[in-house]
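It should be emphasised that the depicted structure is a prediction, and the values quoted were computed from it without experimental measurement. The sequence lines fix the lettering, A, B, ..., with proteins before strands; numbering per chain opens at 1. All heavy atoms count here, side chains included; hydrogens, waters and symmetry mates do not.
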Amino acid sequence: MSSIAATGKRSFGSFLWDYLTTVDHKKIAHLYLAGGGFFFILGGLEALIIRIQLIKPQNDFISAGFYNEMITMHGTTMIFLAGMPILIGLMNAAMPLQIGARDVAFPFLNALSFWLFFFGGILLNVSFLTGGAPDAGWTSYASLAMQSPGHGVDYYILGLQIAGAGTLMGGINFIATIVTMRAPGMTYMRMPLFAWATFITSVLILFAFPPLTINLFLLMFDRMFDTAFFNVALGGNTIIYQHLFWIFGHPEVYILILPLFGIFSDVIATFSRKRLFGYTAMVFATMLIAFLGFMVWAHHMFTVGLGPVANSIFAVGTMAIAVPTGIKIFNWLLTMWGGQVTINSAMLWVLGFIPTFTIGGMTGVMLGSAVADYQYHDTYFVVAHFHYVIVGGTIFGIFAGLHYWWPKMFGRILHEGMGKFTFWVFFIGFHLTFFIQHFLGLMGMPRRYWVFLHDQGLELGNFISTIGAFLMGVGTIVFIVNIVYTAVKGEKASADPWDGRTLEWSISSPPPYYNFEQLPLVRGLDPLWIEKMEGDGTIPPGEPLDDVHMPSGSFIPFLMGLGFFVAGFGFIYQTDNGLWYLALYGGMAFSIGCMVVRSLKDDFGYYIPKEELQKALEGEAK
Amino acid sequence: MSHDHSSLFPEVLPAEPEKATLEGKNKFFGQWFFLGGETVLFASLFGTYLALKNSTAGGPSSEELFGLGLVFLMTMLLLTSSLTSVYAMYHMRNNDYKKMVLWLGITGLLGIGFLVCEIYEFAHYITEYGFSFQSSAFGSAFFALVGFHGGHVLFGICWLTTLLIRNAKRGLNLYNAPKFNTFSLFWHFIDVVWVFIFTVVYLMGKVG
Amino acid sequence: MTNESNSNLDQSEVFRRQKSKEEMQRQLISFGLMIVFTIIAFAIVATGTISRMYVLPILFIMAIVQAGFQFYYFMHLKDKGHEMPATLIYGGVWAAFLTLAGLMVISWW
């Protein structure tokens with residue numbers, strides 16, 4: 001392992017094998033970013049197809065059935081296969097470094113989480129080639145999903161079940177890491193906000209994914225095994241599906257945004273050269289948002305007929321979440337106020353986020369009024385709202401985080417000129433697309449309709465909306481070009497290109513595979529800044545120099561993912577032909593067999609000898 | 001001097017061997033957090049059951065169906081198996097490998113007894129009453145909830161068997177102590193879920 | 001550690017074992033109480049003595065108490081070092097409560 005690092009040269013085969021067997025959180029982060037990035041492009045293409053279909057009234061660019069597949073896959077892909085994996089990738093890349101750890105609590109499980117996401121995502125998209133993608137919406141409500149002919153919805157069920165299992169494992173992994181592996185002196189209230197966000201998001205994942213798991217099982221049992229959960233004739237009840245879906249679904253959107261709140265806190269403090277305003281309030285606001293986020297799910301069901309009492313309770317809860325969120329916005333602004341602000345690509349995305357997300361939050365409060373929602377529900381007003389918060393919050397934040405941590409992850413700084421170009425084109429395109437949609441919704445244009453009619457005043461708005469989508473596409477393409485350019489010719493990064501405040505900037509870019517020669521001693525909040533202001537700019541060691549224990553790589557996570565992937569096909573097609581049970585049982589047996597092999601073979605990891613660490617320290621000192 | 005893994009096999013085990021290593025601490029916390037998630041998992045199943053338990057579609061209802069005798073026996077088996085796993089952990093902390101294995105073995109046997117009773121119960125419902133996974137919404141919800149619990153018991157037994165076989169010749173050390181403790185926490189949790197199943201499904205089902 | 005005299009080592013180990021034995025006695029008492037609660041619960045339903053309105057809450061409370069014994073004694077939740085596990089279990093219980101409330105109270109089709 002160290003010899004490869006020393007020579008820096010190796011074959012493509014060994015590079016590939018390294019990534020197929022890695023349990024290193026930094027490499028797993030690369031995998032998540034690549035996988036998530038790939039699915040983001042797929043989701044973006046699906047969006048463009050939707051917008052082309054809606055560029056003019058009664059268009060026939062695609063059929064109605066294919067349109068349903070596009071809207072379903074766009075939503076499912078962007079949320080489950082792009083947004084969450086990229087966030088998990090960033091959490092993998094930065095959180096262990098921020099708390100002064102050498103890896104996560106369960107490195108093997110971390111790799112397994114990635115491969116389950118990967119194979120789940122591939123399974124979901126294979127459906128395009130085998131008779132049609134899922135077409136019952138990203139929510140796949142029980143009544144419609146039960147009726148959907150073909151196997152599309154079955155792919156949805158199995159793809160998300162497999163990917164979701166990986167996410168749940170990841171959540172447990174991150175919580176355990178933060179609880180047990182903080183460096184000496186790193187108390188909870190000295191952790192950077194991104195580490196806090198990782199912690200709280202992971203708790204949300206832990207509690208939100210089980211209802212989704214059960215819901216998917218219920219749908220699977222009804223579609224494949226003739227059970228009666230949602231079969232009204234035998235006493236079933238489709239509202240159960242909606243409850244379970246949104247009990248998952250609402251915390252899910254907080255899972256999508258809280259990590260970005262953490263990134264914004266870190267990025268703003270760094271590029272304002274000023275500590276975060278109101279650290280304690282920010283921590284507790286994050287906890288409050290997560291807590292309240294579990295108590296508002298029925299605001300997605302206002303028009304279902306739950307009754308005025310239930311609707312009122314959920315309406316009030318929904319509006320209450322605006323309070324801790326507002327606290328955060330004010331604290332970010334107050335952090336910048338009086339600071340020495342650098343406007344680079346990362347900060348542009350932050351500055352773009354603040355008004356955009358605020359608008360999205362405001363329309364969220366409007367939607368939270370149960371009475372008004374009877375007008376807004378299932379119109380483009382809702383579509384506008386959630387794109388404002390998800391794109392304005394999650395996507396803008398991801399771009400900011402990528403610019404911020406790209407040097408740490410890849411040792412190079414993304415090209416600033418292209419970065420700024422991407423921002424402006426994407427930002428303008430975004431507002432063109434989605435600001436108009438508020439008004440389209442208020443004018444009565446319904447969601448999920450594959451055509452709209454002439455002479456309803458909807459032509460111009462939809463046309464502009466589509467132009468905006470193409471601009472976002474251009475911005476994304478330039479970002480991809482940026483990535484390639486940076487990889488080939490980009491400016492090499494020092495350990496601390498931004499004059500940072502937190503531990504990850506105290507080690508090289510990219511870090512050595514063991515992260516820290518000696519675990520750091522943390523003396524307070526913004527530990528690196530403290531050392532710069534009061535010490536010699538280097539972090540004191542928190543332990544004596546000794547051999548370092550590292551986990552061994554393994555091919556088993558990939559194999560387990562593969563087994564479940566094959567079993568997935570078995571589950572999907574066993575209703576057609578009994579022979580598919582071979583795939584079902586074979587795949588499951590293979591994966592369980594891998595688990596047994598893992599249990600039976602001892603894996604103690606290996607040790608890095610003290611001398612190698614000594615040499616690295618001396619090399620740095622020069 | 002290069003490190004080997006001999007620190008995992010000390011002559012004298014520390015007082016809490018399952019938490020003496022970083023890996024042990026991680027497994028300890030990881031398993032507790034997993035159980036937090038499982039709480040919500042079973043709550044979803046319980047919620048579905050409670051919403052659908054009166055939707056019998058003309059089939060038998062819970063009052064007619066459930067026999068308390070068998071359920072009482074199953075409860076005794078599982079509850080006792082929980083106690084025996086406590087004994088096993090007690091002996092583990094006293095560094096008494098043989099007694100730990102004995103009590104874990106009894107735990108497993110009691111668990112198998114529970115499963116045998118449950119399989120008999122399910123077969124009885126399906127053949128005698130025509131009450132199955134597909135016969136009504138009540139049937140689907142009942143078999144999903146109680147079946148998932150039974151599936152967890154089965155998984156636990158397979159896990160225990162693998163642990164016992166793998167470590168049969170090794171005795172206790174800092175590498176396998178956390179594994180036994182992790183299993184024990186899982187097994188206790190399954191009993192907690194059963195407490196709610198026999199209360200909510202069977203007893204309350206009998207009351208109506 | 002190895003330099004400590006044998007008698008010191010034995011004494012701390014003896015103390016620990018004594019505490020451990022007392023703990024086991026508490027576990028056994030917990031088990032006994034759990035059996036008693038179970039028998040009472042079954043008896044209440046089997047004999048049908050108490051009216052339905054009271055039976056349901058009584059059964060539910062007994063189940064919670066039994067679960068409490070299991071968590072706090074058998075699973076050592078009352079011991080030092082269990083703050084974070086306890087927090088997350090209670091978090092799970094809260095999410096579970098919300099799920100049950102939603103599915104029971106506002107699902108009537």
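Ranking B/N167, B/T162, B/L163, B/L45 against chain A, the residue ahead of the rest is B/L45, based on heavy-atom pairs under 4.5 Å. For the options A/M181, A/M169, A/H549, heavy-atom pairs under 4.5 Å to chain B are most numerous at A/M181. Of the listed residues B/N54, B/T48, B/T56, B/T39, the one with more heavy-atom pairs under 4.5 angstrom with chain A than any other is B/T48. Between chain B and the residues A/D222, A/I240, A/L244, A/L212, the most heavy-atom pairs under 4.5 angstrom are made by A/I240. The greatest number of non-hydrogen atom pairs below 4.5 Å with chain A, out of B/S140, B/A57, B/G37, is found for B/S140. Counting heavy-atom pairs closer than 4.5 Å to chain A, the top-ranked of the candidates B/L41, B/N26, B/L22 is B/N26. In terms of heavy-atom pairs under 4.5 angstrom with chain B, the leader among A/D602, A/N231, A/I205, A/D226 is A/D602.
At a 4.5 Å heavy-atom cutoff, A/F230 makes no contact with chain B through either its backbone or its side chain. When heavy atoms are compared at a cutoff of 4.5 Å, A/T213 approaches chain B solely by way of its side chain, counted from C-beta outward. Contacts between B/E23 and chain A at a heavy-atom distance below 4.5 Å involve the side chain alone, from C-beta outward. If you measure heavy-atom distances from A/L218 to chain B, the contacts under 4.5 Å come from the side chain alone. Both the backbone and the side chain of B/F133 come within contact range of chain A, with heavy atoms under 4.5 Å apart. Looking at B/I165, neither its backbone nor its side chain comes within 4.5 Å of chain A, counting heavy atoms on both sides. No part of B/F143 comes within reach of chain A, as not one of its non-hydrogen atoms sits under 4.5 angstrom from that chain. B/S132 does not touch chain A: none of its heavy atoms, backbone or side chain, sits under 4.5 Å away. Using a 4.5 Å cut-off between heavy atoms, B/L8 contacts chain A through its side chain alone, with no backbone atom that close. Using a 4.5 Å cut-off between heavy atoms, A/F209 makes no contact with chain B at all.
Between A/F108 and the choices A/D603, A/I556, A/N173, the side-chain contact (heavy atoms from CB on, under 4.5 Å) rule is met once, by A/I556.
By the 30° and 60° cut-offs, the orientation of the rings of A/W196 relative to A/Y188 is tilted. Relative orientation of the B/H149 and B/F42 rings is perpendicular, given thresholds of 30° and 60° on the angle between their planes. Note on ring orientation: taking the six-membered ring where Trp is involved, the planes of B/H124 and B/Y129 are perpendicular (angle over 60°, cut-offs 30° and 60°).
Side-chain atoms of B/H152 and B/E38 include a donor-acceptor pair closer than 3.5 Å. Checking B/H91 against B/Y87 by side-chain atom types alone, no donor-acceptor pair falls below 3.5 Å.
Put simply, the side chain of A/Q518 gets close to the backbone of A/E543: a donor and an acceptor are under 3.5 Å apart. The main-chain N or O of B/T107 is never found under 3.5 Å from a side-chain atom of B/S81 such that the two would form a donor-acceptor pair.
Seen from the ring of B/Y175, B/K179 counts as a face-on cation partner, given the 6.0 Å and 45° thresholds.
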As a quick check of understanding, evaluate side-chain contact (heavy atoms from CB on, under 4.5 Å) for B/V86 and B/H188, giving each step before the final call. CA-CA 9 Å; B/V86 175; B/H188 287 299; 3.2 Å; yes
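For B/F155, the CZ atom counts as loosely surrounded, since its 6.0 Å shell holds 12 or fewer non-hydrogen atoms of other residues, nucleotides or ligands.
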